[in-house]
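Remarks on the structure that follows.
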Amino acid sequence: MKKNKSKAPAKLSADSLLRLGFPSGKPLGTALNIVHTYYKDLPKNHQIELLQDVLDAPDQYQLHSTLGPLALAILAQKEAAPIALKEQQQDYTIYGASGIDEGAFRQMEIAMRLPVARAGALMPDAHQGYGLPIGGVLATENAVIPYGVGVDIGCRMSMSIYDINTGFLSKNTEELKKMLLDNTRFGHTSFKRPKGHDVMDRPEFSEIPIVRELKDRAFLQLGTSGGGNHFVEFGTVDIKDADNEFNLPVGSYLAVLSHSGSRGLGANIAGYYTKVAMDSCRLPQEAKHLAWLDLATEAGQEYWLAMNLAGDYASACHHQIHERLSEALGESPLATIENHHNFAWKEKDAKGREYIVHRKGATPAGKGVLGIIPGSMATPGFLVRGKGEAKALNSASHGAGRVMSRTQAKNTLSKPQVQKHLKKAGIEVLGSDLDEAPMVYKDIHQVMAAQQDLVEVVGVFNPKIVRMNGDEKYMEVD
DNA sequence: ATGTGC
């Protein structure tokens with residue numbers, strides 16, 4: 001007999017319905033009630049189909065014996081006048097349009113019809129997200145959109161450049177692999193004894209109720225990397241620009257590159273304030289995930305503080321990752337570069353007007369601002385300097401962008417195929433899975449070509465030993 | 001992205 005830890009079969013959850021686009025509030029509660037009362041023995045996917053049918057045509061279910069109340073709740077919410085989107089969409093600038101999917105354009109067009117929207121841009125790695133597309137930049141006035149920032153608040157890149165010859169990498173591969181295994185933590189694992197950090201003393205951890213509840217786990221997750229597309233890797237960086245900010249001679253250096261965010265802390269802050277926003281800012285169905293918080297309200301100010309805390313926490317995690325590796329290498333870095341790409345900033349335009357600039361998967365690229373744009377585990381990443389292009393709202397892409405969904409990757413790629421590819425490219429990979437294989441990403445060179453007006457290249461990073469979430473042997477090449 | 005799930 002099949003063993004199952006939980007006694008009852010998994011119930012259909014509110015969250016899975018929200019993910020399907022089910023309206024929050026009364027319709028959601030009614031739907032769950034009905035399913036758990038009348039349809040609890042149906043398979044989950046049938047339950048979902050049933051609810052989806054009502055959602056698609058509520059008027060046809062008004063008199064239905066069991067689904068009627070749901071139909072009425074949906075219709076009532078539709079009539080409860082939401083904040084209207086503007087008829088006329090504001091213009092926004094697109095970089096690398098040929099590589100961007102239709103869903104991202106659709107989402108951006110909706111965002112540009114929000115009454116609080118003032119300007120926007122789509123970066124060349126853009127793809128469909130939740131609310132605002134990934135690779136979307138949106139400037140609003142006095143309003144912050146939790147899903148315009150994204151779930152992984154303050155997610156960022158960090159690079160340390162060392163005075164170590166690149167030959168060290170190939171000579172000490174096994175030692176460096178062990179160094180990554182010992183000094184980084186992915187997925188649900190964390191350090192037995194987390195290193196303390198000043199960020200844990202911040203008053204927000206005691207003053208904001210939701211944040212207070214998240215403090216203990218945040219401490220346990222300090223210095224960890226999470227899952228998905230997060231990584232820590234050793235590689236080489238070729239400094240191309242002789243006139244660089246670090247006074248580094250042109251040449252190749254060993255470097256550590258990390259990508260991760262604010263872990264459970266940011267994810268829970270994002271989830272909580274999105275709900276608050278959706279309750280207070282009712283928008284039409286197609287825009288509801290773009291619900292905003294007025295910065296003049298208590299909730300808006302609270303989110304702003306919590307978001308900034310999550311950003312600083314993500315930064316602290318990167319610092320600890322790099323500290324541990326520096327210690328293991330026995331070297332202090334010659335230079336460090338860091339930038340976040342899921343965040344909202346208060347910025348001024350040329351006329352001095354202040355806006356809230358949301359970058360959801362977009363790198364700040366104001367004039368002279370340094371940033372890191374990674375490719376994939378087997379392709380170059382770029383150390384860049386912003387050109388301050390106003391039409392791009394001082395932004396650039398945050399990576400290559402996906403061409404293949406995670407599901408599609410798992411269905412179409414094979415492990416031997418990816419391993420062969422990695423072996424040929426000379427990349428060692430610990431952990432990871434098919435959904436992060438190099439071929440799920442757009443060609444980073446095309447993406448960089450599409451944003452020549454936004455950034456200039458200071459250095460090129462080539463990954464060599466990569467660690468991601470997952471069974472550490474999974475993608476390891478013999 | 002996230003110990004995802006009123």
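Order of the sequence lines fixes the chain letters, A, B, ..., with proteins taken first and strands second; residue numbering starts at 1 for each chain.
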Verify the contact: side-chain N or O of A/Asn229 to OP1 or OP2 of B/dA1, cut-off strictly under 4.0 Å; return yes or no. yes

Would you indicate which nucleotide in B/dG3, B/dC6, B/dA1 comes nearest to any side-chain atom of A/Lys275? B/dC6

Protein-nucleotide distance (A/Asp216, atom CG; B/dG3, atom P), rounded to Å: 14 Å

Is there a side-chain contact between A/Arg263 and the phosphate of B/dA1, meaning an N or O under 4.0 Å from OP1 or OP2? no

If only side-chain N and O atoms of A/Gln221 are considered, is one of them under 4.0 Å from the OP1 or OP2 phosphate oxygen of B/dG3? yes

For atom OH of A/Tyr272 and atom P of B/dC6, their distance in whole Å: 16 Å

Please determine, for the side chain of A/Leu32, which listed nucleotide (B/dC6, B/dT2, B/dG3) has the closest atom? B/dC6

Nearest whole angstrom, please: distance from the P of B/dT2 to the CG of A/Leu214. 14 Å

A/Lys195: partners by salt bridge (charged side-chain N to carboxylate O under 4.0 Å, His left out), with sequence neighbours left out: A/Glu323

Protein-nucleotide distance (A/Ile269, atom CD1; B/dA1, atom P), rounded to Å: 18 Å

Roughly, in whole Å, what's the span from CG in A/Asn268 to P in B/dC6? 12 Å

Given atom CG of A/Asn469 and atom P of B/dT2, what is their separation to the nearest angstrom? 8 Å

Just checking, is any N or O donor in the side chain of A/His230 or A/Asn469 under 3.5 Å from an acceptor N or O on the other one? no

Considering residues at least two apart in sequence or located in another chain, which fulfil the side-chain hydrogen bond (donor to acceptor under 3.5 Å, both in side chains) criterion with A/Asn394? none

On the nucleotide B/dA1, are OP1 or OP2 found under 4.0 Å from the side-chain N or O atoms that A/Arg406 carries? yes

Using a cut-off of 4.0 Å on non-hydrogen atoms, how would the nucleic acid contact of A/Gly261 be classed: base, sugar-phosphate, or nothing? nothing

Regarding the side chain of A/His188, the nearest nucleotide among B/dA1, B/dT4, B/dC6 is B/dT4

Ranking B/dC6, B/dG3, B/dA1 by distance to the side chain of A/Leu28, first place goes to B/dC6

Length of the NE2-P vector between A/His341 and B/dA1, whole Å: 9 Å

Looking at A/Arg406 and A/Asp433, is there a salt bridge between them, counting it only when a charged N and a carboxylate O are closer than 4.0 Å? no

With a non-hydrogen cut-off below 4.0 angstrom, is A/Gly150 in contact with a base, only sugar-phosphate, or nothing? nothing

Whole Å only: how far is the CG atom of A/Asn342 from the P atom of B/dT2? 11 Å

What orientation do A/His398 and A/His341 show, parallel under 30°, tilted 30 to 60°, or perpendicular over 60°? perpendicular

